[in-house]
Engineer: 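Before I ask anything, here is the structure I am working with.
As the structure is a computational prediction, the values presented were derived from the model and not from experiment. Below, chain A is the first sequence line, B the second, and so on; all start at residue 1.
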Amino acid sequence: MLTAPHRLRDSESFRVAVRRGRRSGSRTLVVHLFTPGVEDAGDSSSPVRVGFVVSKAVGNAATRNRVKRRLRHLAREHVSSLPGSAVLVVRALPDSAAATYAELGADLDRCLGRVLVA
RNA sequence: UGGGCUGGCCGGGCGACCGCGUCGUCUCCUCACGGAGGCGCCGAGGAAGGUCCGGGCUCCACAGGGCGAGGUGGUGGGUAACACCCACCCGAGGUGACUCGCGGGACAGUGCCACAGAAAACAGACCGCCUCCCGGCUCGCCGGGCGGUAAGGGUGAAACGGUGGUGCAAGAGACCACCAGCGACCCGGGCGACCGGGUCGGCUCGGCAAACCCCACCUGGAGCAAGGUCAAGAAGCCCGGAGUCCUCGGACACCGGGCGCGCGCGCGUCUGAGGGCUGCCCGCCCGAGUGCGCGGGUAGACCGCUGGAGGCUGUCGGCAACGGCAGCCGUAGAUGGAUGGUCGCCCCCGGGACGCCCGCAAGGGCCCCCGGGACAGAACCCGGCCUACAGGCCAGCCCGUCCG
RNA sequence: GCCCCGGUACUCCAACGGCAGAGAGAGUGGUCUCAAACACCAUCCAGUGUGGGUUCGAAUCCCACCCGGGGCA
């Protein structure tokens, strides 16, 4: 689980991450990672922030909550490996509703690996 | 023992590790705001759901009357209130326990009843039946006419009471008996809906109001993004539309709208601007500001925010719903939205199979492996309704079978 | 949180409570053409989102549910 400072909670940051960040997808989810450059980062001390997008196509409220909780728990493992002041948005696809915790973890690892190579 | 009816209840349990949120407390960092960490308590539901009703709460409004609109619809209770619940009545279904019913009014009026049929609502008469008259005749009849009838025909969802008899030219509630139905009155029972009995009457009168409508009763508007406090802010913000440029990500200017404030103009301050009575009118009330245009700021934090028509137990009243009294309990408050993740054991269900046990057998039990365990996530709070739901527990009752 | 529309053939859409359903496009088969397009003719495709009720009779009226779209704060 993520503590409060690591939560992404304003829609502008979501838009920036989704539009300008590096993207990688899998069957169950899509990852957007935005790492601000030197000129963009006003204060380099801001923490890594993570947000989630789980649309109604995934399922009803209980299902969406479960997916979101699993993703939050998984994303916690990656916070320390991300560069400072990075913004990560994880978008859940409809197949994520039926995926197990291990499958979601594998997909998140693979996508984050691809995004972080560059 | 098999099948069924009704009511109530549960919604996996225990443990380990890693985590999240509110509150409390301690420690540390910071000038401060605040932040980090440790410990402790608590942390989704029976439907939290759909948003179909009813309330609480908040703001606005509120002399009264009329028209309109919407809702409810057997009776009597319960309740803060209801379209909910309970009991009863009536009707329908079931052998029964029991279930189901938008269950007022069709002599206040208007409207509709397709097709078929002679005729579809007020009686009328197509084929028939019959007296009489005229004509014909093969004289048992045939044709025509003035009339009388409504038993029979067949259509339809529905055809103007049913059966039997008297009666008649033929017939008919024309008359009689019984039955069904309608109305009036009387007696008895019930708070009442209504029920039981009797007398009399005309002797009979279709359905649809989830068609307009009539009757009785009820209904002010909005909603916690209500509403309030503080901060920021004399500066160009947000939303929608369409356009130009372009490095296709954005930038720029235009039009319309939104809110605090500033400026200008108009109309006004008791001879009344404007507003309200949230559908309209009369009428009434409030009232010192208000309408328009131009410029164009902020959209953050906190309160509201959880103790309430609260729950449990006992007792009393009541057929019951429910109510009175006493005692005990203290129970989520997030805001990109906490209550989770991964395992182990147990429980339940399904499948498989080595072995073991019981049994003549069908089969049953133990152990092992695999898979599964629903519907679904609080967002101001309650009372209901409706809808979804794996599996399970308890109680009462009905019908059948067997044994005594 | 509050509220409003809509659901009929493959598609777009009509249908006073009355034969259960019109039209256009698309499709199919013909005519025309060397072949096609166009045009013309014929034909096929629905049981009206689901369930229940009122009625003699329901796409239509009423109730509940499902799905889709939209608006306001």
Engineer: Quick one: is B:G336 close enough that its OP1 or OP2 comes under 4.0 Å of any side-chain N or O from A:R91?
Structural biologist: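 Checking A:R91 against B:G336: no side-chain N or O falls below 4.0 Å of OP1 or OP2.
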
Engineer: Using the test side chain to side chain contact (heavy atoms under 4.5 Å, CB included), find all partners of A:R64 that sit at least two apart in sequence or belong to another chain.
Structural biologist: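 A:V54, A:K56, A:V58, A:A61.
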
Engineer: Pairing check on B:G336: which nucleotide meets the Watson-Crick or G-U wobble criteria with it, both distances under 3.5 Å?
Structural biologist: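 Check on B:G336: unpaired, no WC or wobble geometry under 3.5 Å.
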
Engineer: Give the minimum heavy-atom separation between A:S26 and A:C111, together with the two atoms involved.
Structural biologist: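 Looks like CB-SG, 3.8 Å.
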
Engineer: Using the C1' atoms only, state how far B:G101 lies from B:A83, rounded to an integer number of Å.
Structural biologist: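 One C1' to the other, the span is 16 Å.
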
Engineer: Rounded to the nearest angstrom, tell me the gap between atom CZ in A:R70 and atom P in B:G377.
Structural biologist: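 Taking CZ of A:R70 and P of B:G377, I get 16 Å after rounding.
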
Engineer: Where does B:A44 fall, syn or anti, if syn means a chi angle no more than 90° from 0?
Structural biologist: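 Classified syn.
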
Engineer: Please measure how far the C1' atom in B:U298 lies from the corresponding atom in B:C285, and state the result in whole Å.
Structural biologist: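 Rounded to whole Å, the distance is 37 Å.
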
Engineer: I'd like the C1' distance from B:U278 over to B:C382, given in whole Å.
Structural biologist: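 Nearest-Å result for B:C382 against B:U278 at atom C1': 28 Å.
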
Engineer: Could you classify C:U54 for me, syn or anti, using a glycosidic angle within 90° of 0 as syn?
Structural biologist: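 Base orientation relative to the sugar is anti.
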
Engineer: Could you identify the nucleotide paired to B:A125, looking across every strand shown and requiring Watson-Crick or G-U wobble geometry with both distances under 3.5 Å?
Structural biologist: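 In the structure as shown, B:A125 has no Watson-Crick or wobble partner.
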
Engineer: In whole Å, what separates the P atom of B:G340 from that of B:G377?
Structural biologist: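 Approximately 15 Å lies between the P atom of B:G340 and that of B:G377.
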
Engineer: Using atom P of each nucleotide, how far apart are B:C280 and B:A222 to the nearest Å?
Structural biologist: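 Roughly 14 Å separates the two P atoms.
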
Engineer: Can you pull every protein N or O that's under 3.5 Å from an N or O on nucleotides 386-391 of chain B?
Structural biologist:
none

Engineer: Kindly list each side-chain donor-acceptor pair under 3.5 angstrom involving residues 93-105 of chain A, sequence neighbours excluded, with atom names and distances?
Structural biologist:
unit_1: A:S96; atom_1: OG; unit_2: A:L93; atom_2: O; d: 2.6
unit_1: A:T100; atom_1: OG1; unit_2: A:E103; atom_2: N; d: 3.2
unit_1: A:E103; atom_1: OE1; unit_2: A:T100; atom_2: N; d: 3.1

Engineer: Using a 3.5 Å limit for the pairing distances, which stems of at least 3 consecutive Watson-Crick or G-U wobble pairs does RNA chain C take part in?
Structural biologist: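 Ordered by first number, the stems with RNA chain C (at least 3 consecutive pairs each) read C:1-7 with C:66-72, C:10-12 with C:23-25, C:27-31 with C:39-43, C:49-53 with C:61-65.
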
Engineer: Given atom NE2 of A:H73 and atom P of B:U339, what is their separation to the nearest angstrom?
Structural biologist: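 Distance, rounded to whole Å: 11 Å.
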
Engineer: Could you identify the nucleotide paired to B:A193, looking across every strand shown and requiring Watson-Crick or G-U wobble geometry with both distances under 3.5 Å?
Structural biologist: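 The base-pairing partner of B:A193, which may sit in any strand shown, does not exist here.
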
Engineer: Find the distance A:L71:CG to B:G336:C1' and express it as a whole number of Å.
Structural biologist: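 One finds 14 Å between C1' of B:G336 and CG of A:L71, rounded.
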
Engineer: Partner of B:C203 by Watson-Crick or G-U wobble geometry, both contacts under 3.5 Å, or none?
Structural biologist: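 For B:C203, the partner nucleotide comes out as none, under the 3.5 Å rule.
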
Engineer: Which atom names give the shortest non-hydrogen contact between A:G25 and A:R114, and what distance separates them?
Structural biologist: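 Taking A:G25 first and A:R114 second, the nearest heavy atoms are O-NH2, 2.9 Å.
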
Engineer: Taking only residues two or more places apart in sequence or in another chain, which ones pass side chain to side chain donor-acceptor pair (under 3.5 Å) with A:N65?
Structural biologist: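 Applying side chain to side chain donor-acceptor pair (under 3.5 Å) to A:N65 gives none.
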
Engineer: Mind calculating the distance between NE2 (A:H32) and P (B:G336) to the nearest angstrom?
Structural biologist: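 Interatomic distance, NE2 of A:H32 to P of B:G336: 20 Å.
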
Engineer: Which nucleotide, in any strand shown, forms a Watson-Crick or G-U wobble pair with B:U72, with both distances under 3.5 Å?
Structural biologist: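 Pairing partner, where one exists within any strand: B:A216.
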
Engineer: State the pairing partner of B:A353; accept Watson-Crick or G-U wobble contacts with both distances under 3.5 Å, and report none otherwise.
Structural biologist: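 When the pairing criteria are applied, nothing turns out to pair with B:A353, so the answer is none.
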
Engineer: When rounded to the nearest Å, what value does the distance between P atoms of B:U95 and B:G384 take?
Structural biologist: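 My reading of the P atoms in B:U95 and B:G384 gives 37 Å.
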
Engineer: Tell me: CZ of A:R66 to P of B:U342, nearest whole Å?
Structural biologist: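 So the two atoms are 10 Å apart, to the nearest Å.
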
Engineer: Is A:R72 near enough to B:G336 that one of its side-chain N or O atoms lies under 4.0 angstrom from OP1 or OP2?
Structural biologist: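 No, no such contact exists.
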
Engineer: Say you pick atom P in B:G181 and the same atom in B:C187; how far apart are they, in whole Å?
Structural biologist: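 It comes out at 24 Å once rounded to the nearest Å.
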
Engineer: If you round to the nearest 0.5 Å, how far is CZ of A:R27 from CZ of A:R110?
Structural biologist: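 Atom-to-atom, A:R110:CZ and A:R27:CZ are 9.5 Å apart.
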
Engineer: Syn or anti for B:G173, given that syn means the glycosidic angle lies within 90° of 0?
Structural biologist: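 The base of B:G173 is oriented syn (glycosidic angle within 90° of 0).
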
Engineer: Shared ILVMFWY cluster between A:V115 and A:L88, side chains joined below 4.5 angstrom?
Structural biologist: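 Both belong to a single hydrophobic cluster.
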
Engineer: Does the structure show a Watson-Crick or G-U wobble partner for B:C84, both distances under 3.5 Å? Name it, or say none.
Structural biologist: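 Partner of B:C84: B:G78.
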
Engineer: What's the base orientation of B:G256: syn (chi within 90° of 0) or anti?
Structural biologist: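 That one's anti.
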
Engineer: For B:G135, does the O4'-C1'-N9-C4 or O4'-C1'-N1-C2 angle fall within 90° of 0, making it syn, or is it anti?
Structural biologist: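 B:G135: anti.
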
Engineer: Using purine N1 to pyrimidine N3 plus N6-O4 or O6-N4 for Watson-Crick, or N1-O2 and O6-N3 for G-U wobble, both under 3.5 Å, which nucleotide pairs with B:U290?
Structural biologist: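 Partner of B:U290: B:G266.
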
Engineer: With rounding to the nearest 0.5 Å, note down the distance linking CG in A:L74 to CG in A:L108.
Structural biologist: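 Reported to 0.5 Å precision, the distance equals 6.0 Å.
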
Engineer: Is there side-chain contact between A:R70 and A:V67, with heavy atoms separated by less than 4.5 Å?
Structural biologist: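 A side-chain contact is absent here, since even the closest heavy-atom pair is not under 4.5 Å.
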
Engineer: For nucleotides B:C385 and B:A47, find the distance between their P atoms and express it as a whole number of Å.
Structural biologist: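 Result for the P pair: 8 Å, nearest Å.
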
Engineer: Start at the 5' end of RNA chain B and walk down; is the nucleotide closest to A:K68 or to A:T100 reached first?
Structural biologist: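 On the 5' side of the pair lies A:K68.
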
Engineer: Enumerate all atom pairs, one protein N or O and one N or O from nucleotides 42-48 of chain B, separated by less than 3.5 Å.
Structural biologist:
unit_1: B:A44; atom_1: N1; unit_2: A:R69; atom_2: NH2; d: 3.4

